[in-house]
Amino acid sequence: MKKTKKIVEFPNLKQRLLEKAMQTMKEKKFSEALQLFEQARENEYAYAEVELGMVVCYMELGQLTEAKNRCKKMLREDIGDYFHVLQIYITILIQLKEYAEVKSTIEAILEEDKLPAQYAQNFYQLLEFARKMLPSEESVQMEPDYGDNDQEDELNLLHDGTVQKQYELIQMLKHRNIRPLIPDIQKYLEDELKHPVLKTFLLHILKEQGWDKKTEVFKMGQRITIIPADLKSGEEDPFLNKIISILEDTVESDNPTLFEGLKEMLVRIHTVQFPLPFIPDKPEAWAAGLHSAGVELFGLDTGEEELAGDYNVSTLEIKSVTREINKLEDFSYLRL
């Protein structure tokens, strides 16, 4: 009787297979990458990343219906970063010209409790676009109806309106001279009960319109005095750019999908934190904390000891920063 040969798996075979698939996709060899993702899927490794990688390959190969169905399955089963996957799904729907589905999908999301601040404006714009593309509907203006639009009504909405009405009003203020409203904006920025992300949006408007007077902001339990015109945006912030540079060196080549997810997470938490400084003032600790939060989100298997070595920080620093990231992530969603 023949003995069954024992199959010995090479060390880290699953991880290396996924890394090769990612690199092949980065080189735009989408058919080859798709085959590698299929193999990784059979090995049941990093399921969310594999599924998303396959969706991207199908999109690039022009197989949009297959990409749509897989994306829909990911959303239904809550695989991966929900809103990142949703954004890809809506992109596919637009390419397929399925505007009714775009409209119903976004409207359903807006009715739910939470919407990430970084996606809010984009979703409203896509909803307006989809409505305009539907022949059965007249063009719908996304600006709120304020009756006679007098200043008193607007100020009531800013201070006492729902979060959605506050958000919509703040979006309108981008295109207007906000100087007559400065006293009320200052009052809003000092109100500890107002949403930190909406305060960030107001500060960006003040910065864009060159407001160069001292302005107090109360956010996340801290009070800070700033001059909006002097604030640096995320793209200009050397601390954030250093974090991204560290992640590029540590993550991007091995796992570009994870790297993009970590950058998105950094944008979200910076939107909440702005203009407060990141504490501790150590970009390596924040890069490691983001990596730790990211691998948990993507269902990857990377220990804190390994991350501590990769980023030259302590496991205690990683735990502390990860807790702060999770707290900021909770605030990064707008209840509209």
Side-chain angles (χ1 to χ4, degrees), residues 15 18-19 21-23 25-26 37 40 45-53 55-56 74 78-88 114 116-119 122 197 200 233-274 276-315 317-333:
Q15 182 179 347
L18 178 61
E19 289 170 359
M22 292 289 188
Q23 182 59 36
M25 183 172 67
K26 195 174 180 181
F37 280 123
Y45 182 73
Y47 187 59
E49 282 188 278
V50 169
E51 288 294 311
L52 192 58
V55 166
V56 172
M74 291 182 72
D78 197 20
I79 299 168
D81 183 332
Y82 183 85
F83 287 98
H84 180 57
V85 176
L86 178 64
Q87 201 169 39
I88 294 172
K114 290 185 175 183
Q118 71 179 112
Y119 297 121
N122 187 40
V197 169
T200 294
S233 65
E235 294 83 358
E236 301 167 328
D237 191 321
F239 190 81
L240 263 63
N241 286 327
K242 180 62 176 176
I243 295 173
I244 292 171
S245 176
I246 293 168
L247 291 172
E248 281 177 347
D249 294 340
T250 313
V251 180
E252 186 180 24
S253 60
D254 292 336
N255 196 330
T257 302
L258 176 60
F259 172 68
E260 291 301 323
L262 298 184
K263 281 205 302 182
E264 288 183 7
M265 189 183 297
L266 180 58
V267 170
R268 287 198 297 272
I269 65 173
H270 179 253
T271 301
V272 178
Q273 185 81 350
F274 184 85
L276 300 173
F278 278 40
I279 305 296
D281 183 17
K282 187 174 182 179
E284 294 82 4
W286 283 93
L290 285 163
H291 197 156
S292 177
V295 295
E296 183 177 345
L297 179 66
F298 281 93
L300 302 177
D301 184 21
T302 305
E304 285 185 349
E305 293 285 351
E306 183 180 345
L307 287 178
D310 290 342
Y311 291 93
N312 194 28
V313 295
S314 69
T315 56
E317 286 176 305
I318 294 177
K319 288 179 188 292
S320 175
V321 170
T322 303
R323 279 197 302 271
E324 186 66 17
I325 288 170
N326 290 334
K327 182 181 79 172
L328 293 171
E329 278 273 76
D330 287 340
F331 279 102
S332 71
Y333 295 91

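All values derive from a computational prediction rather than experimental measurement.
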Exercise. So which heavy atom on S332 is nearest to which on E329, and how close?
Worked result: OG-O, 2.7 Å
Exercise. In this structure, are over 12 heavy atoms from other groups packed under 6.0 Å from F331 atom CZ?
Worked result: no
Exercise. Would one find more than 12 heavy atoms of other residues, nucleotides or ligands at under 6.0 Å from atom NZ of K26?
Worked result: yes
Could you list the donor-acceptor pairs under 3.5 angstrom formed between side-chain atoms of residues 276-292 and any protein atom two or more places apart in sequence or on another chain?
residue: K282; atom: NZ; partner: E317; partner atom: OE1; Å: 3.4
residue: K282; atom: NZ; partner: E317; partner atom: OE2; Å: 3.0
residue: W286; atom: NE1; partner: P280; partner atom: O; Å: 2.9
residue: H291; atom: ND1; partner: Y311; partner atom: OH; Å: 2.7

What side-chain donor-acceptor pairs closer than 3.5 Å can you find for residues 249-262, not counting sequence neighbours?
residue: T250; atom: OG1; partner: I246; partner atom: O; Å: 2.8
residue: N255; atom: OD1; partner: L258; partner atom: N; Å: 3.0
residue: N255; atom: ND2; partner: E49; partner atom: OE1; Å: 3.2
residue: N255; atom: ND2; partner: E49; partner atom: OE2; Å: 2.6

Exercise. Heavy atoms, side chains only, cut-off 4.5 Å: are V313 and V321 in contact?
Worked result: no
Seminar exercise, completed: Contacts of S245 meeting side chain to side chain donor-acceptor pair (under 3.5 Å) (sequence neighbours excluded), chain-then-number -> none
Problem set entry | Candidate pair E264 and F83, rule side-chain contact (heavy atoms from CB on, under 4.5 Å), full reasoning | CA-CA 11 Å; E264 288 183 7; F83 287 98; over 6 Å; no
Exercise. What residues form a ring-ring contact (aromatic ring centres under 6.0 Å, His included) with H84, not counting sequence neighbours?
Worked result: none
For this session: For E305, check side chain to side chain donor-acceptor pair (under 3.5 Å) against everything at least two apart and list the hits.
Result: none
Exercise. For D237 and H270, what are the C-alpha separation, side-chain angles and deciding distance, and is it a side-chain contact (heavy atoms from CB on, under 4.5 Å)?
Worked result: CA-CA 10 Å; D237 191 321; H270 179 253; 4.1 Å; yes
Exercise. Do side-chain atoms of T200 reach the backbone of T271 as a donor and acceptor pair under 3.5 angstrom?
Worked result: yes
Seminar exercise, completed: Applying side chain to side chain donor-acceptor pair (under 3.5 Å) to E248 and not counting sequence neighbours gives none
For this session: Start with the C-alpha gap between F37 and M22, add the side-chain angles, then the distance that decides, and say whether side-chain contact (heavy atoms from CB on, under 4.5 Å) holds.
Result: CA-CA 8 Å; F37 280 123; M22 292 289 188; 4.1 Å; yes
Exercise. At what distance, to the nearest 0.5 angstrom, does CG of N326 lie from CD of E296?
Worked result: 7.0 Å
